[in-house]
Amino acid sequence: MRIANLSGRLALVVKGGAIDVAQASADRFSADPQAVFDRWEEFCDWASKAELPEPVAFAPDELGPPAPAPRQTFAIGLNYRDHASESGFKAPDGLPPVFTKFVTSISGPVTRVQLPEGGNTDWEIELVAVIGGRAQGVSQAEAWGHVAGLAVGQDISERVSQLAGPAPQFSLGKSHPGFAPIGPWLVTPDEFEDPDDIELRCSVNGEEVQKGRTRDLIFSVTALISRLSAVLPLLPGDVIFTGTPAGVGMGRDPRRFLAPGDELISTAEGIGELRQTFIA
Ligand code: ZN
């Protein structure tokens, strides 16, 4: 199953078109895309049995983020060995760095993003997992059962502020408006041949800059849910940015950052793509 946020309303994506959930369910389920995660099991049950109307065509720029207002967003640093190495860090052996992307940075899949003045703005394609049922003290074996779905994410990062000061400012430097696009929709884990092995690619102006596979995550989606939920509860609709593979601008020689007019396309196998254009 695929669900989307179409012009602010929860939709099922079927055969490339959209079905409005509030209308199709006679208002049993709210149009609010974030509200569905609180009733995730009930919603999946309804969606699997409902007699649905014909889907309606839509354009990608009508989509918003499939989880627009999570109560908690977790982002994971240094979760691929090749990216830890290009960043000049040792790969973590305990829990990797965990930070947040503040909720106002979350956007839909097709956007224009303003570059912060005086900054070095960089790309990080990531697999994003959205929590379905509340997870607390969950074992790794149980963890996929707490995932509503997967989406493509971009952990856009302003490196000057991220790395300034006596301690790094990961959360602020990665939370400018539009710095957390998610989409284009949410795909349930059962749709993947192997949800632990998804190819991620990212290109700038048509030139491929990142290519990796989630099987190379140091902490897999299920390991992250288990480790995080041992510390605090993960709530329905929470978002996890799982980390980026190698190929970010800061790790290149020479270093390269986003400039006005650049187009960033981020793709995950079996999910779809994000498209960001940068402006001064
Ligand atoms: Zn990241």
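We count residues from 1, following the sequence as given. Numbering of ligands and ligand atoms starts at 1, following listing order. The analysis underlying the following values was restricted to heavy atoms, covering all of them including side chains, and did not include hydrogens, waters or symmetry mates.
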(Q) Can you tell me which N/O/S atom of Glu126 has the shortest distance to the Zn ion (ligand 1)? (A) OE2
Q | Single-linkage hydrophobic cluster, 4.5 Å side-chain cutoff, Phe219 and Phe241 together | A | no
Q: Please check if the distance between the ring centroids of Phe29 and Phe43 is under 6.0 Å.
A: yes
Q) Looking at Ile131, Leu234, Leu224, which hits side-chain contact (heavy atoms from CB on, under 4.5 Å) with Phe74? A) Leu234
Q) So which of the N, O or S atoms of Asp155 lies nearest the Zn ion (ligand 1)? A) OD2
Q: State, without any angle test, whether Lys101 and Ser175 hold a side-chain donor-acceptor pair at a distance under 3.5 Å.
A: no
Q. What N, O or S atom of Glu124 is found closest to the Zn ion (ligand 1)?
A. OE1
